[in-house]
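In what follows, chains carry the letters A, B, and so on, assigned in the order in which the sequence lines appear, proteins first and then strands, with residues in each chain numbered from 1. In this text, all values refer to a predicted model and were calculated from it rather than measured experimentally.
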Number of protein chains: 2
Amino acid sequence: MDLPSAAAAKHSTPRERARAQTVADIIRLGRRHLALHGAAGLSLRAVARDLGVVSSAVYRYVESRDELLTLLLIDAYGELGDEVDTAVDALPEDDYRGRFLALGRAVRQWALREPARYALLFGSPVPGYQAPAERTTEPGTRVIYRMVGIFDAAYRAGALAAEVAPAVVVPPALAADLAAIRAELGVAVPEPALARGVLVWTSVFGAVSFEVFGQYGADTFAARDELFEHQLEVLRGVVGL
Amino acid sequence: MDLPSAAAAKHSTPRERARAQTVADIIRLGRRHLALHGAAGLSLRAVARDLGVVSSAVYRYVESRDELLTLLLIDAYGELGDEVDTAVDALPEDDYRGRFLALGRAVRQWALREPARYALLFGSPVPGYQAPAERTTEPGTRVIYRMVGIFDAAYRAGALAAEVAPAVVVPPALAADLAAIRAELGVAVPEPALARGVLVWTSVFGAVSFEVFGQYGADTFAARDELFEHQLEVLRGVVGL
DNA sequence: TGCCCGTCAAGAGCACTGCTCACATTTGTT
DNA sequence: AACAAATGTGAGCAGTGCTCTTGACGGGCA
């Protein structure tokens, strides 16, 4: 394990810095190609051309096209996570509703601005590509952990409605899964609310995906901002916030 | 407009029948390749190989790779629509709840059985490919129209709750969009409920997409059936059914 | 019957892709 | 200065979508 990590940038030889810079350039160019042509159209050769280098040279820095995809995946997760964090942190800790809404809006804004990268993260899996869980799980769970954190904080503050209509019982098998999540994340939210949280999670991304992926027709909804705001408000109520 | 439609199968020369059969074979093989390698990996040459014919010959029957994608899109929309219709029709007309649940389950079942085709319909758009609206809109709207139909029938029968907590006002711009939808589809459902219907629509597909696209971790949820049932139940309540 | 034209298959070719490998060059260290 | 590691080069393989020319077949018409 002697990867040229970011931490190694401290005491680094000029070579290492140049190498890190090149990798960063490759990611930057890859990001641009991803935005322009989508994940399936991401071409190492094209990146090499933009880098002003012969195609095989890129393989000195990036193991394969899939490896570049992984780097872009982590890069995108990181940027989305940062933007969500910034949006949420801009509001007081006890403004649970506001924080939830800010999180949803931040996800949507980023998705609309970066549709190809959003598609890479939340769209159909790239065929033949399997993201290495040990590298992508942590950055990939930032948003949902943040959302759960808001729910948990609200619950501990008594700001999460205990009973929300309609009362739907949580079957035992599902309750077991949710209990495991509670334990792992150390959250106090009871299972019924946590289950609703999962629904809200999938629903927020479902709404964003529909918009970004063009599932609404071209002119079915002119007032997309209002639509999303409405959806967020209803979802807020669904989780009892 | 002299396409060799299915209607032309009646009075057809042997030529036309042979041609229709070949096109059907291409779609069948394309479906298989789609399932195995995804939309981006769909290769006309591979289909040609399986068909036992040289690659260029396929272009006699299918204009381009995108054209084949369109055929597969329509094919998939059709199959999903048929399965949803069958599932819904299996229940009495006035069992609105049951029909809604059946619709959701049918979508999920089909999606889990045909993940690649589901991804083609509801996943990230294939880069560089634009579905021809005049051919895909009608089959692509069957499921949502069916869902709206259930809501509408329930409303007309007085089985749709007028007020659902939390009461969220529908902003004017959104109301205008919804009014246009009401007019076009000829539904009686008032705007607030229709707005919730949109949320339910996106949420159902959001939940299915999360599961099909592997957004839940590998082992976060063992009880996926129960999870989806729970989500459907809550969504049912959200729309007031 | 004989011809003609539309349909069809074949194969070469273009430009692109990911990736590998042998070789050359640059660079840093001894 | 000498050596070795890091880096860049270009050829090459196998695959892709798609176009174009060539040739064969067969159904309808004179």
Side-chain angles (χ1 to χ4, degrees), chain A residues 2-5 8-9 11-27 29-30 32-34 36-72 126-130, chain B residues 2-4 8 11-27 29-30 32-34 36-73 120 126-130:
Chain A
D2 241 334
L3 298 176
S5 66
H11 46 84
S12 64
T13 67
R15 252 226 176 97
E16 278 169 340
R17 292 196 298 112
R19 183 177 180 85
Q21 181 58 51
T22 304
V23 172
D25 284 348
I26 290 175
I27 292 179
L29 293 171
R32 217 178 58 189
H33 275 89
L34 192 67
L36 291 177
H37 312 292
L42 178 66
S43 148
L44 270 186
R45 286 179 118 106
V47 170
R49 270 195 300 274
D50 282 16
L51 200 65
V53 100
V54 94
S55 70
S56 54
V58 224
Y59 287 85
R60 300 278 180 200
Y61 301 93
V62 164
E63 204 179 28
S64 66
R65 203 193 89 116
D66 283 5
E67 165 74 11
L68 177 55
L69 229 44
T70 299
L71 293 176
L72 291 171
V126 180
Y129 171 72
Q130 179 72 350
Chain B
D2 240 335
L3 297 176
H11 46 81
S12 62
T13 66
R15 250 233 206 0
E16 278 169 341
R17 291 197 297 110
R19 185 178 178 84
Q21 181 57 51
T22 305
V23 172
D25 284 349
I26 290 176
I27 292 180
L29 292 171
R32 216 179 59 190
H33 274 89
L34 192 67
L36 291 177
H37 313 292
L42 178 66
S43 150
L44 271 187
R45 289 180 116 104
V47 170
R49 267 196 301 275
D50 282 16
L51 200 64
V53 100
V54 93
S55 69
S56 54
V58 193
Y59 287 86
R60 298 277 175 200
Y61 301 94
V62 166
E63 202 179 29
S64 67
R65 202 194 89 116
D66 283 6
E67 165 74 11
L68 176 56
L69 229 43
T70 300
L71 292 176
L72 291 172
L73 204 65
L120 180 62
V126 180
Y129 171 73
Q130 180 72 350

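What you find for S55(A) and V58(A) is that their closest heavy atoms are O-CG2, 2.8 Å. The heavy-atom pair separating Y129(A) from D66(A) by the smallest distance is CE1-O, 3.4 Å. Nearest heavy-atom pair across I27(B) and L72(B) is O-CD2, 3.5 Å. When every heavy atom of A46(B) is checked against every heavy atom of S43(B), the shortest pair comes out as N-OG, 3.0 Å. Taking both residues in full, the closest heavy atoms of L42(B) and R65(B) are given as O-NH1, 2.7 Å, listed atom of the first, atom of the second, then distance.
In this view, R60(A) satisfies the side chain to side chain donor-acceptor pair (under 3.5 Å) rule with no residue, not counting sequence neighbours. Residues passing the side chain to side chain donor-acceptor pair (under 3.5 Å) test with Q130(A), sequence neighbours excluded: none. E63(A) meets the side chain to side chain donor-acceptor pair (under 3.5 Å) test with no other residue; sequence neighbours excluded.
One finds the CZ atom of R32(A) at 9.0 Å from the NE2 atom of H37(A) (value rounded to the nearest 0.5 Å). Rounded to the nearest 0.5 angstrom, L69(B) CG and L34(B) CG are separated by 7.0 Å. Atom-to-atom distance recorded for L44(A):CG and R49(A):CZ is 11.0 Å, nearest 0.5 angstrom.
If you measure from atom CZ of R19(B) to atom C1' of dG27(D), you get 16 Å, rounded to the nearest angstrom. Regarding L69(B), its CG atom lies at a distance of 11 Å from the P atom of dG17(D), rounded to whole Å. For E16(A) and dT27(C), the CD to P distance is 17 Å, given to the nearest whole Å.
When the local axes at the two ends of the helix from dT1(C)-dA30(D) to dT30(C)-dA1(D) are compared, using 5 base pairs at each end, they differ in direction by 20° after rounding to 10°.
Using a 4.0 Å cutoff on non-hydrogen atoms, the parts of residues 57-67 of chain A near DNA chain D are A57(A), R60(A), Y61(A), ordered by number. Of the residues in residues 37-48 of chain A, those lying under 4.0 Å from DNA chain D by heavy-atom distance are R45(A).
Residue whose closest nucleotide on DNA chain D sits further toward the 5' end, between R49(B) and S56(B): R49(B).
Note on V54(B): a base of the nucleic acid sits closer than 4.0 angstrom, heavy atoms only.
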